[in-house]
Amino acid sequence: MKISVIVCAAGRGERAEMGRNKLLVPFNGANALYYTLEGVRRLSASLKQKGADEVSEVIVTSSPEDLQEIDALCLPYGYKTVTGGATRSASVANALKEVQGEIVLIQDGARPYTTTEQYLSCIDCVKQYGSAVTAMPATDTTVIEKDGYVNNIPARNAVYRVQTPQGFYTREIKRAYALAANDGGTYTDDGAVYSRYISPARICPCGTESNKKLTYKEDFTDAANDCAIRINEAAAHRCGYGVDVHAFGKKQDFVTLCGVRIPCDTGLIAHSDGDVALHAVMDAILSAAGLKDIGHYFPDSDPAFKGADSAKLLATVIDTVQKKGLKVNGLSVAIQAEKPRLAAHIDKMVENLSKLTGAPKDSISVTAGTCEGLGFVGEGRGICAYCTAVLTQIR
Ligand code: MG
């Protein structure tokens, strides 16, 4: 089934008192909208993996003044933007005009912590019950006030806190919004519009405390304090470190580093091609994936790996981590060598690493230095390479 996603980002976020759209202020190294869009991207990847449904389009609402910035955020994902209206309802109504999928999920841009499971629960709930309003049972007692006094106390087990995503069959929610267009009503969410004109929306009890909407200034402060952990959980970034050393002494006139053949008066002694840099890269990637080191996968006692092209071994490593649902997001490689001079070869090394690992070139760095005459590197007896790798869980 084709699933459309609307992300609401057209608000001004006045309650956050930031003087501008709270979704676009610097937040945990990016901004809140970026993390919400990343959540949608993870949903797409997850559905692709399952193969039954697909996210066929993502539409992000934006105020005219934020359009340029939100367009730029959406560009890498191929998501569309539409201009919002004066209220949340008006913005959603505008976005709905563009929607073509059979089911539409509507998500607050200010909920960066929504998990893939929550999105999937909503899709299932729509299929089973016709609609889905993410909600969690209230833990506090809630009261209805009148003239400053408690007028009515709903039974606590009957009260839910409503969140997003909310899901509907597109034709029904379009009809509900069309009917609501001129009724003068104030609707704070889509379930209310649906319930008013179609039928009572179904509660999808997958809501959680952590799926909170960043509303007030302190939400951003609190979030900034503990969100590094949450974002890491959500995006599942993983870090690994690798080190390798090889000694000079092979009778040849080059060394191979990151797959680049570099003239040298001696080669590196190794069972494989001695690409000490790629060995560090492989160990870092395997380590980030929680796997064993390259010696385990490519033992130097195995004649199959004699003189092996390390680039091919790296291809096997990439294949292995991909099977775990991981991709390489960034690499930082440092090489210490008294010889040969490496500066002229750095760009080519970065290009190779990008080709071999799939990580974008601008998130790969290779730095090189000498060891100031100290230790085995300084004495020109070998080369040492270090690598830090960052991997991201893509499904
Ligand atoms: Mg090695």
Side-chain angles (χ1 to χ4, degrees), residues 45 49 232-233 235-250 252 254-262 266-337 342 349-360 363-368 371 375-377 381-395:
Q49 175 74 6
N232 277 344
E233 279 171 0
H237 292 303
R238 303 162 69 136
C239 186
Y241 186 62
V243 181
D244 195 32
V245 170
H246 280 270
F248 286 123
K250 188 176 181 185
Q252 67 181 29
F254 64 91
V255 294
T256 307
L257 294 172
C258 296
V260 181
R261 188 180 273 221
I262 301 163
T266 169
L268 292 168
I269 300 166
H271 184 64
S272 69
D273 63 1
D275 193 328
V276 60
L278 283 192
H279 296 178
V281 167
M282 284 189 264
D283 266 346
I285 292 171
L286 288 165
S287 168
L291 297 167
K292 291 187 172 154
D293 60 39
I294 51 172
H296 174 81
Y297 293 97
F298 315 113
D300 58 11
S301 53
D302 187 338
F305 301 117
K306 183 154 173 53
D309 177 353
S310 295
K312 288 196 178 131
L313 304 185
L314 177 54
T316 309
V317 167
I318 295 297
D319 195 47
T320 306
V321 299
Q322 270 173 356
K323 285 191 179 121
K324 288 195 78 178
L326 294 161
K327 73 164 186 169
V328 180
N329 231 0
L331 294 169
S332 173
V333 179
I335 303 170
Q336 286 192 305
L342 300 177
M349 290 191 214
V350 169
E351 199 180 313
N352 269 0
L353 286 172
S354 177
K355 268 190 214 147
L356 292 168
T357 64
S363 63
I364 297 173
S365 83
V366 177
T367 57
C371 225
F376 68 88
V377 172
R381 291 160 58 198
I383 294 181
C384 188
Y386 310 83
C387 176
T388 300
V390 176
L391 270 56
T392 305
Q393 194 83 44
I394 47 175
R395 56 173 194 274

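Counting begins at 1 with the first residue of the sequence. No experiment lies behind these values; they were computed from the predicted model shown.
- Side-chain N or O atoms of Ser354 include none that pairs as donor or acceptor with a backbone N or O of Val350 at under 3.5 Å.
- The CG atom of Leu278 sits 6.0 Å away from the CG atom of Leu314 when rounded to the nearest 0.5 Å.
- The distance from the CD1 atom of Ile335 to the CG atom of Leu342 is 5.5 Å, given to the nearest 0.5 Å.
- To the nearest 0.5 Å, atom CG of residue Leu291 and atom OH of residue Tyr297 are 4.0 Å apart.
- Between Val255 and Gly267 the shortest heavy-atom distance is CG1-CA, 4.2 Å.
- Taking all atoms of both residues into account, the shortest heavy-atom contact from Lys250 to Thr266 is O-OG1, 3.3 Å.
- In this model, a donor atom of one side chain and an acceptor atom of the other lie less than 3.5 Å apart for Asp244 and His279.
- Minimum interatomic distance between Cys384 and Val245 (heavy atoms only, all atoms of both residues): SG-CG2, 3.7 Å.
- Pairing each heavy atom of Ala277 with each of Ala385, the nearest pair is CA-CB, 3.6 Å.
- The shortest heavy-atom contact between Cys387 and Val333 is SG-CG2, 4.0 Å.
- Note that the OG atom of Ser363 and the CG atom of Leu331 stand 7.5 Å from one another [nearest 0.5 Å].
- How far CZ of Phe305 is from CG of Leu313: 6.5 Å, rounded to the nearest 0.5 Å.
- Nearest heavy-atom pair across Gly382 and Phe248 is N-CD1, 3.4 Å.
- Checked by atom type and distance alone, the side chain of Arg238 never pairs as donor or acceptor with a backbone atom of Leu391 at under 3.5 Å.
- With Ser310 as the fixed residue, the side-chain hydrogen bond (donor to acceptor under 3.5 Å, both in side chains) test singles out one of Thr256, Asp275, Asp273: Asp273.
- Contacts of Tyr386 classified as ring pair (Phe, Tyr, Trp, His ring centres under 6.0 Å), with partners at least two apart in sequence or in another chain: none.
- With hydrogens and angles ignored, the 3.5 Å screen pairs no side-chain donor or acceptor of Ser365 with any backbone N or O of Ser332.
- Two residues are said to be in side-chain contact when any heavy atoms from C-beta on lie closer than 4.5 Å; Ile285 and Thr320 fail this criterion.
- Listed for the His271 side chain is no donor-acceptor partner under 3.5 Å among the backbone atoms of Ala308.
- The CG atom of Asp293 lies 11.0 Å from the CE atom of Met282; values are rounded to the nearest 0.5 Å.
- Here the side chain of Asn352 pairs no donor or acceptor atom with the backbone of Lys355 at under 3.5 angstrom.
- At a threshold of 4.5 Å between non-hydrogen side-chain atoms, the residues Leu356 and Ile318 do not count as touching.
- With hydrogens and angles ignored, the 3.5 Å screen pairs a side-chain donor or acceptor of Asp283 with a backbone N or O of Ile294.
- The cationic atom of Arg261 (NZ for Lys, CZ for Arg) lies less than 6.0 Å from the six-membered ring centre of Phe254 and within 45° of the ring axis.
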